[in-house]
Amino acid sequence: MTANKVDWRERYLQLQNEAQNRCIQAYYQEVIVDGSRPISEVPLVALDFETTGLNYGSDDIVSVGLIPFDSRRIYCRDSQHWLVKPQQKLAEESIVIHGITHSELTHAPDFSEIITPLLNALKGKVIVVHFAPIERHFLYQALKARLGEGLEFAVIDTLELERRALKARQGLIGRLFNTKLDSVRLANSRTRYSLPAYQNHNALNDALATAELLQAQLAHHYRQDTPLGNLWI
Amino acid sequence: MQAEHVDIASFLSEHAPFDDLPEDALNHIACQVEVSYYRGQTTIHEYGDDISDLYVIRSGSVETYRRDGDLDNRLTVGGIFGQMGLLMNRKVRYPAKALEDTLLYCINIDIFTEYCDKYEAFADYFEANGTVRLHQAIIEQADSNDLTTAKVKSLLHRDVVTVAKDASIQYVAQVMTDESVSSVLVTDIDKPISDDPEDDDGQVVGIITDRDLRSKVLAQGLDYGTSAQQIMQTDLVLLDSNAYVFEAVLAMLRDNIHHLPVVVKKKPIGVISLSDILRYESQSSLLLVRGILAQPSVEDLAYYARQLPNVFVRMVNEDANSHMIGTAMAVIGRTFKQRLLTLAEEQLGPPPVPYCFIALGSMARDEQLIVTDQDNAIILDNSFDEDKHDDYFQKLADLVCDGLALCGYKYCDGEIMASFKKWRLTREQWQQQFAGWIAEPKPQALLNSAIFFDLDGVHGKVKWAQELQRFIAKEGRNNKRFLANMAANARNRTPPLGFFKDFVLEHNGQHKRSMNLKRRGTAPLSDVIRVHALAVGSRKQNSFERLEDIIDAKLLPEGKAQDLRDALEYIAMVRIRHQAWQIEQLNEQPDNDLEPHLLSPFEQRNLKEAFAILDKAQNFLKFKYSANSGIK
């Protein structure tokens, strides 16, 4: 739950003024600030990180996947996928989850080397993620550690949209009796829209899965002209 | 770094024509696709829209349509569409709609043409697919061509077109032109809508066809401002949407009409025309029905009837199910009656008062097989005067019943035939008769009247038969004592379960004993189903359709009605195959007596299971409809 809604137009104007780093400045210059734009006209980019753990203070990003899309089409040809060398050693359990091995990561670049292409790919689009805190905090920390300043950005969080949809379905009675909501995990949410189950869980595939989920959510719960401001947080 | 889409590539590699592509070509195409989600029941593209992609269905299902609105293809996971538009002029040829929530992979035309140039197998797929699809279409057409198996609703391709009764006929003609239809239904918005949804007729009061505009308007020089109701035909012949195309043909031939409103319950959902049917015409079945109606005398009819067993065997060999065979046989039986009645009316002159000839029992239920008694009766107009009119109807009934006997429909042992005076009653008398049966305090008294609770109008004022059906449905429903009596009777004929026990014990193969599949199988099952149908006020006559109403009403515990359906279908099919086998292999008179040792152990087990379901269902009746307990 977002206690107080961010006014992104105002926040972005402020961030544009405060930004010092060239890359960060460039990002803010092209950022979409107008929350009244209909969602069908907004360029979007689905973003997913795989990390060594959930603690953004001590864990690191090991891969980044992104895929540009809009409410109609997802553009695989413009998708990107990077492995990055974590500053820490990989924990055993995350190896299993991500299917990424030590040797693959040994040859991977440091995150600093992908900052420019990453921010270029995100520029001018609204970022879409499933469960916003991960990408928000990890990207902020990774940039802060390397550039001395972080990045703040509006996101459309498909998990949040799913929670809203389930709450709407739950109704007043359900809320009063506090019935348990169905799972809002990515795979479970996708099942509700008859989206296929994916075998591989890498950052790129999860970004694609998130993009598909948002298209499905928009098709089922929103109009083409729903203002962006109703969706981003 | 070019991102790899492993999941997309591996999906494509499992479906033609991508499965033949080299790995790098596959990976390249996987990285180039665009993905698009469509919610179920939404349009993907319309005829004539620009198209620049080939579509592959990743999940869900899609229907494509021809220009005339006919279904072209139904595609599921791995299905491909859009190629026709790409190959022609980049305009959509076959509009597409997502049937379910669907995820599509879109492959740009540039890659499509590049791959067609580079990879022969890929190109061949789209070339060859044209002929494969055509072949498929011919096969499908051959299937749907069969009038005995296609249902009327499969011919309906557009919504019903209606006009208000006070619309001018010029407006009517305009609507018909704009909508490209040869008939419209006329509605009366002041007509009260029935409280009973079973009786909702959509306020339809008539029909106007091209022919009416010609013969009633142009030929007579009527003013264009004349209202629709002045030229409409009000005597509507309706057809249930579940009727077979076969029956539509019959109705059209019989009444010399070219348009039949198709109804769900009473409400029209469309109109089928003769031309709709001609496209689906199947020579053999149509010829048979036409042949019956063309026979000039009772003797000719009797001779003609000799080919009936062959028609029956052909249907069995074509794998028709028991519902289709039962319906077809009943339709044929009905046609014989109708032809005999027409011949009788020609001989005796027009009837002095209106009447309705009704079929009872298995024919009314559309469950008639090749061996059957004739069970019938007559409903007379209330103005019937015994002294003045009875002589006519006695002669009429005799001609029909004797004629039926000549055609192979045996006289009814129970004397339930229109030739007996007691079964020629007026509308009022029939209602009293049924009211009396329903109020009957003892099951024994009801025993022989169960057959009357399956009735269907065959000729004349068939509306009166529907009136009686409605009366029975209303009076029988929730009438505890009546249902208890019917239930008691439905338990009289038990399944031959003991037979199987003996059968298993005896190994010497000396089985002279046989079981009657009708008396101890299908008939008691129909009895059980009838009781439940009466309890839920169903007006259906066919056991399978009654079961649908019973399922809808949630009368029985989950799955029980489905079990009954399976048991009935199984026993009926064993009975049907047994008869077909007698006709075809033994060249003998078919009967209902099966010697179980002729069945394989597998068939025996299934049959025994079906009888066990009947046994349980009969026990359940006892508990459900005892006169002392509530309905629940």
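Excluded from the calculations below are hydrogen atoms, water molecules and symmetry mates; all remaining heavy atoms, backbone and side chain alike, are included. Just so we're on the same page: letters track the sequence lines, and every chain starts at 1.
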Problem - Region of A:L218 in contact with chain B, defined by heavy-atom distances below 4.5 Å - result: neither
Practice task
Identify which part of A:A203 has an atom lying under 4.5 Å from any heavy atom of chain B, answering side chain, backbone, both or neither.
Solution key: neither
Practice task
With side-chain contact (heavy atoms from CB on, under 4.5 Å) as the test, would you mind laying out the steps for A:I67 and B:H5 before giving the verdict?
Solution key: CA-CA 11 Å; A:I67 187 161; B:H5 283 277; 4.0 Å; yes
Nearest 0.5 angstrom please: [X] [atom1] to [Y] [atom2], how far?
X	Y	atom1	atom2	value
B:D53	A:R73	CG	CZ	4.0 Å
B:I29	A:C76	CD1	SG	12.0 Å
B:S59	A:E212	OG	CD	8.0 Å
B:R39	A:Q215	CZ	CD	14.5 Å

In terms of heavy-atom contacts, does [atom1] of [X] have more than 12 from other residues, nucleotides or ligands at under 6.0 Å?
X	atom1	result
B:E120	CD	no
A:R185	CZ	no
A:F153	CZ	yes
B:E23	CD	no

Practice task
Spell out, as yes or no, whether a donor-acceptor pair under 3.5 Å connects the side chain of B:S36 to the backbone of A:R72.
Solution key: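 Yes.
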Practice task
Pick one of side chain, backbone, both or neither for B:I8, based on which atoms fall under 4.5 Å of a heavy atom in chain A.
Solution key: side chain
Problem - Contact origin within B:Y105 toward chain A - heavy atom pairs under 4.5 Å - result: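 Side chain only.
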Practice task
Please report the C-alpha distance between A:S194 and B:E100 in whole Å, then the side-chain angles of each, then the deciding distance to 0.1 Å, and finally whether the side-chain contact (heavy atoms from CB on, under 4.5 Å) criterion is met.
Solution key: CA-CA 8 Å; A:S194 314; B:E100 305 167 293; over 6 Å; no
Check residues 114-126 of chain A and write down every donor-acceptor pair under 3.5 Å in which the side-chain atom is one partner and the other belongs to a residue at least two apart or another chain.
| unit_1 | atom_1 | unit_2 | atom_2 | d |
| --- | --- | --- | --- | --- |
| A:N120 | OD1 | A:K123 | NZ | 2.9 |
| A:N120 | ND2 | A:T116 | O | 3.4 |

Exercise for the section: Classify the ring geometry between A:H220 and B:Y37 as parallel (under 30°), tilted (30 to 60°) or perpendicular (over 60°). Expected result: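 If you compare the ring of A:H220 with that of B:Y37, the planes turn out tilted.
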